[in-house]
Peer 1: 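What follows is a structure written as structure tokens; I'll ask about it next.
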Amino acid sequence: QVQLVESGGGLVQAGGSLRLSCAASGTMFSINVMGWYRQAPGKQRELVAIIGIGSGGTTNYADSVKGRFTISRDNAKNTMYLQMNSLKPEDTAVYYCNAHSTYYVKDYWGQGTQVTVSS
């Protein structure tokens, strides 16, 4: 039982920046990985970035955002962030927070937050 709440989305001009936050609550002990996904209208949901939770904070990024986005987390606060810089119109999407439990083979999702980048 994990609940995720995203915040920080909005409207920004190309080249601007936003920071998304994901606050997690509930039974987090089994969560191994958290990440950010996004979905544009008419498109499949895609992975943006993931980060290990237990230790090390290993990160991976989609090629499309590498060098522009930074994922981070504060395990003590059960909070994950996505710093988005040099935003492009192609980044426009609903961004979703995800938490994954390998032990229970289960995913949890936030409600999504809209990011719109104008050209």
Side-chain angles (χ1 to χ4, degrees):
Q1 296 180 327
V2 175
Q3 290 183 307
L4 306 171
V5 179
E6 302 103 328
S7 62
L11 175 64
V12 65
Q13 292 184 349
S17 63
L18 287 170
R19 190 180 79 157
L20 306 183
S21 298
C22 174
S25 62
T27 307
M28 291 289 293
F29 72 89
S30 69
I31 299 300
N32 307 107
V33 178
M34 294 183 69
W36 291 96
Y37 291 71
R38 66 186 182 187
Q39 186 170 22
K43 298 182 180 179
Q44 296 284 344
R45 187 173 298 186
E46 64 176 349
L47 173 68
V48 176
I50 56 173
I51 186 167
I53 300 301
S55 64
T58 302
T59 60
N60 286 285
Y61 297 89
D63 288 341
S64 60
V65 307
K66 195 172 298 181
R68 299 187 297 119
F69 291 9
T70 302
I71 188 171
S72 61
R73 50 77 170 143
D74 186 332
N75 285 355
K77 297 180 179 179
N78 285 334
T79 302
M80 180 179 64
Y81 306 94
L82 183 68
Q83 179 66 46
M84 304 185 294
N85 298 325
S86 302
L87 283 162
K88 304 174 181 179
E90 306 91 272
D91 297 318
T92 296
V94 177
Y95 284 70
Y96 295 92
C97 178
N98 168 266
H100 179 73
S101 172
T102 301
Y103 187 82
Y104 289 110
V105 194
K106 190 170 184 176
D107 283 280
Y108 304 88
W109 296 93
Q111 82 285 357
T113 185
Q114 177 71 48
V115 172
T116 302
V117 184
S118 62
S119 60

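Computed from heavy atoms alone, side chains included, the values below leave out hydrogens, waters and symmetry copies.
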Peer 1: Walk me through whether Thr79 and Asp74 qualify under side chain to side chain donor-acceptor pair (under 3.5 Å).
Peer 2: CA-CA 5 Å; Thr79 302; Asp74 186 332; over 6 Å; no
Peer 1: In Å and rounded to the nearest 0.5 Å, what is the CG to CD1 distance from Asn75 to Ile31?
Peer 2: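 Nearest 0.5 Å value for the CG-CD1 distance: 11.5 Å.
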Peer 1: So do the side chains of Glu90 and Ser64 get within less than 4.5 Å of each other, counting heavy atoms only?
Peer 2: no
Peer 1: Test of understanding: clusters of I, L, V, M, F, W, Y form through side-chain heavy atoms closer than 4.5 Å, transitively. Do Leu47 and Val94 belong to the same one?
Peer 2: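 Result: yes, single cluster for both.
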Peer 1: Under a 3.5 Å distance rule, please check whether Gln111 uses its side chain to pair with a backbone N or O of Val5 as donor and acceptor.
Peer 2: no
Peer 1: Taking the side chain as every heavy atom from C-beta outward, state whether Leu82 and Val48 have any atom pair closer than 4.5 Å.
Peer 2: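 The answer is yes, as the side chains (C-beta and beyond) meet within the 4.5 Å cut-off.
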Peer 1: Any heavy-atom pair between the side chains of Asn98 and Asp107 that's under 4.5 Å?
Peer 2: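 Yes, at least one pair of side-chain atoms sits under 4.5 Å.
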Peer 1: If hydrophobic clusters are built by linking Ile, Leu, Val, Met, Phe, Trp and Tyr wherever their side-chain heavy atoms come under 4.5 Å apart, do Tyr96 and Trp36 end up in the same one?
Peer 2: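 Per the 4.5 Å side-chain linkage, Tyr96 and Trp36 are not co-clustered.
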Peer 1: In residues 14-30, what donor-acceptor pairs under 3.5 Å come from side-chain atoms, sequence neighbours left out?
Peer 2:
| residue | atom | partner | partner atom | Å |
| --- | --- | --- | --- | --- |
| Ser30 | OG | Ser101 | OG | 3.2 |

Peer 1: Is there side-chain contact between Ile50 and Thr59, with at least one heavy-atom pair below 4.5 Å?
Peer 2: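 No - every pair of side-chain heavy atoms lies 4.5 Å or more apart.
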Peer 1: Between Met34 and Cys97, which heavy-atom pair has the shortest distance, and what is it?
Peer 2: CE-SG, 3.9 Å
Peer 1: Do Met84 and Tyr95 touch side chain to side chain, with heavy atoms closer than 4.5 Å?
Peer 2: yes
Peer 1: For Ser118, is there any backbone N or O sitting under 3.5 Å from a side-chain donor or acceptor partner on Gln13?
Peer 2: no
Peer 1: Tell me, do Tyr37 and Gln44 make a side-chain contact under 4.5 Å, heavy atoms counted?
Peer 2: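 No; the side chains remain at least 4.5 Å from each other.
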Peer 1: Which atom pair, heavy atoms only, marks the closest approach of Tyr61 to Lys66?
Peer 2: O-CE, 3.8 Å
Peer 1: So, taking the atom named OH in Tyr81 and the one named CD1 in Ile71, what distance separates them when rounded to the nearest 0.5 Å?
Peer 2: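 Taking OH in Tyr81 and CD1 in Ile71, the distance rounds to 12.5 Å.
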Peer 1: Could you measure the distance from the CG atom of Leu87 to the CZ atom of Arg68? Nearest 0.5 Å is fine.
Peer 2: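 Here the interatomic distance stands at 6.5 Å.
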Peer 1: So, Gln83 side chain and Phe69 main chain: donor-acceptor pair closer than 3.5 Å or not?
Peer 2: no
Peer 1: Could I get the full list of side-chain hydrogen bond (donor to acceptor under 3.5 Å, both in side chains) partners for Gln3, not counting sequence neighbours?
Peer 2: none
Peer 1: So which of Val115, Asp91, Thr92 actually passes side chain to side chain contact (heavy atoms under 4.5 Å, CB included) with Arg38?
Peer 2: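 So the option named by the test is Asp91.
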Peer 1: Can you find a heavy atom in the side chain of Ser72 that is under 4.5 Å from one in the side chain of Met80?
Peer 2: no
Peer 1: So do Ile53 and Asn32 actually touch side chain to side chain, heavy atoms under 4.5 Å?
Peer 2: no
Peer 1: Just by distance, no angles: are the side chains of Thr116 and Gln114 close enough, under 3.5 Å, to form a donor-acceptor pair?
Peer 2: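 Present: a donor and an acceptor within the cut-off.
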